[in-house]
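Heads up: the structure comes next, in structure tokens.
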2 protein chains.
Amino acid sequence: MVDEGKTAIARKPRADAQRNRIRLLETAKAAFAEKGPGASLDEIARTAGVGAGTLYRHFPTRDALMEAVYRNETEQLVAAATRLADTQSPTGALREWLLLFVDYIAAKHGMYEALNSIVGGTTELYSASTEQMKRAIAKLISRAVASGDVRLDIDPLDLLRALAGVASISAGPDGKQAAKRMVDILIAGIRIRT
Amino acid sequence: MVDEGKTAIARKPRADAQRNRIRLLETAKAAFAEKGPGASLDEIARTAGVGAGTLYRHFPTRDALMEAVYRNETEQLVAAATRLADTQSPTGALREWLLLFVDYIAAKHGMYEALNSIVGGTTELYSASTEQMKRAIAKLISRAVASGDVRLDIDPLDLLRALAGVASISAGPDGKQAAKRMVDILIAGIRIRT
DNA sequence: TGATAAACGGAGAATGTCTCCGTATTTAAA
DNA sequence: TTTAAATACGGAGACATTCTCCGTTTATCA
């Protein structure tokens with residue numbers, strides 16, 4: 001009886017699997033950017049030169065694929081939170097970061113599914129990004145709260161949801177501008193009156 | 001040569017057409033409420049007891065159907081704006097109406113397309129509802145601005161977009177609560193400091 | 001080098017959208 | 001009434017998309 005246990009030594013992942021994964025991500029990124037969130041998955045597979053089965057094995061759902069495509073950008077955004085927290089006033093850092101967030105979602109023009117995964121927080125599967133994002137904004141907010149600038153009865157993610165709404169629901173050419181204006185409204189709205 | 005002109009007297013619309021239209025609307029409303037925005041159109045037609053062709057003749061696109069389904073509620077909401085403006089303080093009226101708006105979108109859990117049509121304002125087709133909605137909120141805002149309570153550099157629709165974002169992007173059970181909290185943040189954010 | 005786990009790919013089932021057109025029904029004129 | 005013309009009906013089927021299944025291929029490791 002051979003060992004079939006959990007102790008199985010991790011075998012090195014197959015080279016072709018890694019290659020295909022990367023090709024799929026590149027192709028998908030281009031496809032989403034060009035055709036929007038509804039881009040055909042089979043076509044992405046074909047363009048990437050793999051079968052549909054391969055795509056679905058790597059990314060079981062459309063959301064999973066989007067999540068993976070944007071994980072990079074998400075990580076950069078999360079990193080920025082730490083940097084800002086170290087170099088700016090509490091409220092200033094929060095404001096700056098929210099502006100970065102607006103850029104982040106504007107780049108995904110109308111990619112509702114992706115936003116929902118990342119900022120929604122309801123989908124079990126993508127909790128990784130959501131969790132990171134949540135921690136990033138929570139850190140900025142709690143710093144601002146501690147400094148006495150900001151009320152504390154806020155769900156930080158709600159700020160992001162509001163911005164996502166403004167930036168993506170209209171998706172007009174000035175959606176981004178509008179979202180940046182909204183940042184100031186939000187900041188003013190959560191500030192404690194002096 | 002018979003008259004083939006534009007002067008053709010309007011013929012009374014066929015009774016079966018009217019009946020089917022209504023049945024389709026009722027069925028669609030139930031279907032959207034139960035299965036969300038992706039409900040199968042063919043199934044709606046089948047449930048309503050008509051052929052697919054009939055559905056598509058009455059409502060050429062999914063959006064057209066949604067628009068029609070929600071036109072009623074939209075009209076009620078618009079009417080409420082006038083009523084509130086007549087009976088409440090400027091800021092109070094605005095706040096009340098935004099709360100009603102939250103109920104309005106919460107009922108459409110995740111019906112992104114519909115929201116986008118109605119609050120987005122980019123789709124030519126649904127400009128009727130958008131226009132009404134815009135006028136309703138604009139009236140409330142400008143009253144508040146006139147009273148000196150509120151800044152005037154606001155696109156009124158942005159407030160709605162923000163609320164839609166909070167209420168629908170997460171779509172969690174407390175999305176509605178969150179949106180109601182957001183109303184207060186927004187009101188505070190657009191208020192002029194005293 | 002050979003055994004075997006891992007990955008591949010694409011045919012095809014399932015589902016959905018939307019069109020086309022022969023048939024049926026309604027209206028209104030005679 | 002009867003009848004012709006206008007209007008609406010419905011569902012078969014063309015087409016697109018998602019996703020699964022499984023026989024075949026390939027990389028890893030002993």
Side-chain angles (χ1 to χ4, degrees), chain A residues 1-25 27-28 31-32 34-69 112-114 117 125, chain B residues 1-25 27-28 31-32 34-69 111-114 125:
Chain A
M1 212 162 279
V2 186
D3 176 315
E4 22 169 78
K6 332 230 156 170
T7 49
I9 325 94
R11 199 174 182 153
K12 194 200 290 178
R14 280 177 54 158
D16 51 351
Q18 283 180 295
R19 253 201 322 277
N20 282 334
R21 185 167 215 283
I22 289 170
R23 296 218 47 183
L24 279 169
L25 283 175
T27 311
F32 286 142
E34 184 181 344
K35 312 208 171 176
S40 159
L41 297 187
D42 273 34
E43 187 178 323
I44 289 175
R46 218 177 319 123
T47 308
V50 306
T54 301
L55 186 155
Y56 284 98
R57 199 171 328 100
H58 281 291
F59 311 102
T61 67
R62 178 181 293 274
D63 271 15
L65 179 56
M66 287 195 163
E67 162 86 358
V69 165
Y112 181 68
E113 299 297 334
S117 313
L125 250 167
Chain B
M1 211 160 277
V2 187
D3 176 308
E4 25 167 77
K6 331 231 157 171
T7 50
I9 326 96
R11 197 175 183 151
K12 193 202 291 177
R14 277 178 55 158
D16 52 350
Q18 284 181 296
R19 254 200 323 277
N20 282 334
R21 184 167 217 283
I22 290 171
R23 297 218 45 182
L24 280 169
L25 283 174
T27 309
F32 286 142
E34 186 181 344
K35 313 209 170 172
S40 159
L41 295 187
D42 272 33
E43 187 177 324
I44 289 176
R46 219 176 316 123
T47 307
V50 307
T54 300
L55 185 154
Y56 284 96
R57 198 169 328 100
H58 282 290
F59 310 102
T61 67
R62 178 181 293 274
D63 271 13
L65 180 55
M66 286 194 164
E67 162 85 356
V69 163
M111 226 151 291
Y112 180 68
E113 298 298 332
L125 251 166

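Each chain gets a letter, A, B and so on, in the order the sequences are listed, and its residues count up from 1.
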Nearest-Å distance, [atom1] ([X]) to [atom2] ([N])?
X	N	atom1	atom2	result
A:Phe59	D:dT18	CZ	P	15 Å
B:Arg62	C:dG16	CZ	C1'	9 Å
A:Leu55	D:dT17	CG	C1'	13 Å
A:Asp63	D:dT18	CG	P	13 Å
A:Ile44	D:dT18	CD1	C1'	12 Å
B:Met66	C:dT17	CE	C1'	14 Å
A:Tyr56	C:dC8	OH	P	16 Å
B:Arg23	D:dC9	CZ	C1'	14 Å

Counting only side-chain nitrogens and oxygens, does [X] get under 4.0 Å of the OP1 or OP2 atom of [N]?
X	N	answer
A:Asn20	C:dC8	yes
B:Ser40	C:dT15	no
A:His58	C:dC8	yes

| field | Earlier contact from the 5' end, DNA chain D, for B:Arg14 and B:Thr54 | value | B:Arg14
| message | For A:Pro13 and B:Glu43, find the nucleotide of DNA chain C closest to each by heavy atoms; which residue's nucleotide sits nearer the 5' end? | response | A:Pro13
Shortest side-chain distance from [X], nucleotide among [options]:
X	options	value
B:Lys12	D:dT18, D:dG10, C:dA28	C:dA28
A:Arg57	D:dT18, C:dG9, D:dC9	C:dG9
B:Leu41	D:dA27, D:dT18, C:dT17	C:dT17
A:Ala52	C:dG10, D:dA8, C:dT19	C:dG10

| task | May I ask you to say what A:Gly38 touches in the nucleic acid, namely base, sugar-phosphate or nothing, with a heavy-atom cut-off under 4.0 Å? | result | nothing
| Which is true for A:Ala45 with a 4.0 Å heavy-atom rule: it touches a base, it touches only sugar-phosphate, or it touches nothing? | nothing
| said: Can you tell me whether the side chain of B:Asp42 and the base of C:dC18 have a donor-acceptor pair closer than 3.5 Å? | reply: yes
What distance do [X] atom [atom1] and [Y] atom [atom2] have between them, rounded to the nearest 0.5 Å?
X	Y	atom1	atom2	answer
A:Gln18	A:Lys12	CD	NZ	9.0 Å
A:Glu43	A:Thr27	CD	OG1	10.5 Å
A:Arg21	A:Thr54	CZ	OG1	13.0 Å

| So do the side chains of A:Phe32 and A:Leu65 get within less than 4.5 Å of each other, counting heavy atoms only? | yes
| task | Answer yes or no: is there a side-chain heavy-atom contact under 4.5 Å between A:His58 and A:Leu24? | result | yes
